[in-house]
Protein chains: 2
Amino acid sequence: MAERPKLSTVAAAAGVSTATVSQVLRGTGRISARTRERVLAAVRAVNYLPDRRAAALRSGENHEIGLVLHHLANPFNAELISGVSDRLERDGHLVSVLDSRDDADRQTRNLRALIGNRRGGLIWVPASGTDAATLDLLTAQRLPVVTLLHRVSEGFDHVGLRDAAALGRAVDHLARLGHRHIAFLGGTTPRAPRSERIDGYARALAAHRLGPPHVLPCDDSKPAGLAAMLALRETRPDVTAVVCNGDMVALGACLGLARRGEMAGREISVIGFDDVADAALATPALTTLSVAPYDLGCLLADRLLARLADPAAAPVTRHVEATLVIRDTTAPPPPH
Amino acid sequence: MAERPKLSTVAAAAGVSTATVSQVLRGTGRISARTRERVLAAVRAVNYLPDRRAAALRSGENHEIGLVLHHLANPFNAELISGVSDRLERDGHLVSVLDSRDDADRQTRNLRALIGNRRGGLIWVPASGTDAATLDLLTAQRLPVVTLLHRVSEGFDHVGLRDAAALGRAVDHLARLGHRHIAFLGGTTPRAPRSERIDGYARALAAHRLGPPHVLPCDDSKPAGLAAMLALRETRPDVTAVVCNGDMVALGACLGLARRGEMAGREISVIGFDDVADAALATPALTTLSVAPYDLGCLLADRLLARLADPAAAPVTRHVEATLVIRDTTAPPPPH
DNA sequence: CCTCCCTGATACAACGTTATACCAAAACGG
DNA sequence: CCGTTTTGGTATAACGTTGTATCAGGGAGG
């Protein structure tokens with residue numbers, strides 16, 4: 001029956017002014033212990049929950065954070081979200097997650113909606129095809145933004161991976177095992193982080209005096225990885241190892257091998273990227289470049305908190321290593 | 001340099017009052033074509049994006065929707081989110097996703113934060129251990145809420161699955177193949193939907209005059225399913241088929257079999273629930289009870305939209321069928 | 001030429017908070 | 001016992017919108 005209680009409801013119940021209630025609730029100003037108790041009792045009595053929107057409007061403080069992902073379906077992201085949320089919620093922020101599904105238009109709509117609803121900051125994994133107008137919009141609103149993986153502007157804080165170095169380690173490992181023909185599988189767009197991974201791959205090949213790079217583009221999904229591996233076996237039977245743009249592609253590639261009656265780590269070595277939970281669980285277990293997504297989330301959150309604390313500071317870039325986790329999908333090439 | 005433009009910025013640029021700008025932007029009132037053009041030009045010129053929070057405060061309208069999941073990591077949810085978002089964004093709403101990770105405390109914090117930040121409606125998959133205080137909070141705020149899967153209150157709209165019937169079909173299928181000892185795998189809490197699934201399983205067993213139910217509780221994850229299957233093979237070698245509380249458990253169980261050198265669909269038949277994308281992709285492909293998560297999301301969104309349109313109407317409950325998709329993990333039991 | 005009535009735009013108060021200036025009463029020092 | 005400070009609280013104006021009452025001006029009708 002009762003309307004939603006507001007500050008004035010509490011004030012009336014406690015017999016004080018709204019200003020007093022507000023001060024008690026925020027712990028500012030000089031309020032005696034006696035009236036504080038009265039006010040808190042009234043708050044409980046009417047079951048009052050402050051309207052943060054109105055508070056934000058007046059105070060200018062904003063504790064709502066947007067987290068825009070380019071592909072929520074990737075299991076990598078669930079843990080990333082956990083890391084971001086845990087850290088930010090501890091500081092009283094509310095994190096809302098949106099999925100652009102790698103669609104630039106949807107991403108633009110999402111970002112506009114987030115700005116319109118006045119998020120105080122953004123953590124953003126840009127989709128491919130992000131346009132300049134959207135970027136201008138964000139900078140014009142001077143919204144604190146931290147991008148992840150794909151750098152789209154020098155004006156934002158950024159957290160990236162040491163992609164080239166990681167791919168170098170993967171190729172080193174394969175070369176040491178004796179592989180001479182190593183392909184790169186996955187991704188479709190000529191942008192970071194994929195381009196940097198391909199760079200690292202190509203440079204490592206050259207360092208080992210192995211043949212020219214062979215890049216096979218495909219979506220970062222299991223079905224695409226499966227199809228790509230089937231195609232690779234047909235067209236390039238000399239290739240004995242592949243490094244992949246992501247674990248989904250790698251796991252799909254393994255499935256493709258299984259479908260041919262072959263097996264990763266026997267006919268062909270496979271290395272993934274991300275180390276999603278399924279990588280260790282798959283049979284054979286996937287050798288992969290591991291980045292701890294929960295910790296990555298924490299890092300992003302910390303970066304954003306620092307930015308919120310000092311909006312004027314120069315943009316900061318951090319890079320995170322991906323470490324090679326050797327499991328069962330890499331082995332010396334078959335003798336024949 | 002420039003501050004974030006507001007209504008008055010636009011008004012000044014167009015040489016009209018703020019009220020006029022507001023009316024133009026919302027298409028209400030009587031404004032001549034000439035001034036409308038001037039205003040719209042000014043909007044573009046200063047790159048104005050309205051503050052929806054302030055608008056909501058004044059107008060009472062609210063287009064922010066919260067989506068609280070109990071386990072975002074389950075790939076089932078990515079598609080569900082897509083369905084919900086597509087439908088609601090089409091109607092101008094903004095959907096923000098939170099993950100309670102099946103932790104009642106975190107869920108309570110999340111819900112309180114959403115109420116505090118004045119979401120206009122909620123779609124909610126309740127976690128196990130949801131307490132009455134949280135429920136009271138939601139009803140006291142008379143927030144439009146649609147629950148999914150786990151019903152926690154008669155006062156909310158609800159969308160559920162026909163769990164018992166679905167499990168019945170699964171058991172029928174196995175019985176017809178000749179299985180006499182069928183176990184149930186997965187879940188830990190004595191609440192819907194698991195309890196209803198177990199009910200359906202037990203009733204179907206009875207109808208086929210098969211032995212007493214054998215329920216093996218475990219978390220709804222691959223590692224847990226793997227461990228449970230290993231345990232089952234040791235303790236109950238007579239069991240030749242399992243139905244699972246979810247695809248993650250079922251896929252984990254298949255991995256467990258593989259680890260023993262056995263195979264789902266040969267030594268043991270396995271049936272899952274959900275039909276996540278990986279179910280069809282796994283080898284062997286998983287027989288499972290399929291519910292189209294994207295469509296389910298649309299249904300939820302429609303339900304919430306109807307509720308927002310008529311907050312006073314009596315709560316509505318909808319049930320969705322899960323259909324049996326027969327793939328490669330079910331077969332007649334081995335002869336021996 | 002003076003009403004009367006539209007048309008088009010504006011002034012102003014409200015939404016639920018917070019920040020600040022302000023005030024009354026009590027406490028204190030000399 | 002009076003001035004000064006401190007304590008504890010309130011009144012009031014914002015924040016950026018929207019809804020409504022109001023108003024100025026122009027055209028039509030008498």
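Below, chain A is the first sequence line, B the second, and so on; all start at residue 1.
Between the CG atom of B:D51 and the C1' atom of D:dT18 there is a distance of 13 Å, rounded to whole Å. The CD-C1' distance, from A:E3 to C:dC15, rounds to 13 Å in whole Å. The distance between atom CG of A:N117 and atom P of D:dT17, rounded to the nearest whole Å, is 12 Å. If you take CD of B:Q23 and P of D:dT22, they are 16 Å apart, rounded to a whole angstrom. Atom pair A:L25:CG and D:dG9:P shows a separation of 15 Å (rounding to whole Å applied). Between the CD atom of B:E37 and the C1' atom of C:dG8 there is a distance of 16 Å, rounded to whole Å. Across the protein-nucleic acid pair, A:R30 atom CZ and C:dA25 atom P stand 16 Å apart, rounded to whole Å. When rounded to the nearest whole Å, the span between CZ of B:R4 and P of D:dC15 equals 15 Å.
For the residue pair B:R112/B:T108, the side-chain donor-acceptor check at 3.5 Å is not satisfied. Side chains of A:E64 and A:S96: no donor on one and acceptor on the other come within 3.5 Å. Side-chain contact annotation: B:R151 with B:T317, donor-acceptor N/O pair under 3.5 Å present.
Contacts of B:I31 with the nucleic acid, taken as non-hydrogen atoms under 4.0 Å apart, involve only primed sugar atoms and P, OP1 or OP2. The residue A:R26 sits close only to the backbone: its heavy atoms come under 4.0 Å of sugar-phosphate atoms, none of a base. Here A:T20 lies in heavy-atom contact (under 4.0 Å) with a base. Within the 4.0 angstrom heavy-atom criterion, base atoms lie near B:A19. Counting non-hydrogen atoms under 4.0 angstrom, B:T35 reaches the backbone sugars and phosphates but no base.
When the side-chain nitrogen and oxygen atoms of A:S32 are compared with OP1 and OP2 of D:dG8, none of them lie within a distance under 4.0 Å. Distances shown here put a side-chain N or O of B:S17 below 4.0 Å from the OP1 or OP2 atom of C:dT10. Here A:S22 reaches the OP1 or OP2 of C:dT18: one of its side-chain N or O atoms lies under 4.0 Å away. Not one side-chain nitrogen or oxygen of A:R53 sits closer than 4.0 Å to the OP1 or OP2 atom of C:dT17. Contact annotation: B:Y48 does not reach the phosphate of D:dG16 (side-chain N/O to OP1 or OP2, under 4.0 Å). Residue A:R36 places none of its side-chain N or O atoms closer than 4.0 Å to OP1 or OP2 of D:dG8.
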(request) Could you give me the CA-CA distance, side-chain angles and deciding distance for B:D136 and B:T139, then say whether side chain to side chain donor-acceptor pair (under 3.5 Å) is met? (result) CA-CA 5 Å; B:D136 291 348; B:T139 44; 4.5 Å; no

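Of the candidates C:dA19, D:dT10, D:dT17, D:dT10 carries the atom nearest the A:V16 side chain, counting heavy atoms from C-beta on.
Side-chain N/O atoms of B:R58 and base N/O atoms of D:dT18 include a donor-acceptor pair closer than 3.5 Å.
When each of A:N74, A:I123, A:V125 is tested with A:L69 by the rule side chain to side chain contact (heavy atoms under 4.5 Å, CB included), just one qualifies, namely A:V125.
Nucleotides of DNA chain C nearest to B:A33 and B:L57 differ in position, and the one nearer the 5' end is that of B:A33.
Shortest non-hydrogen contact noted between A:D99 and A:A73 is OD2-N, 4.5 Å.
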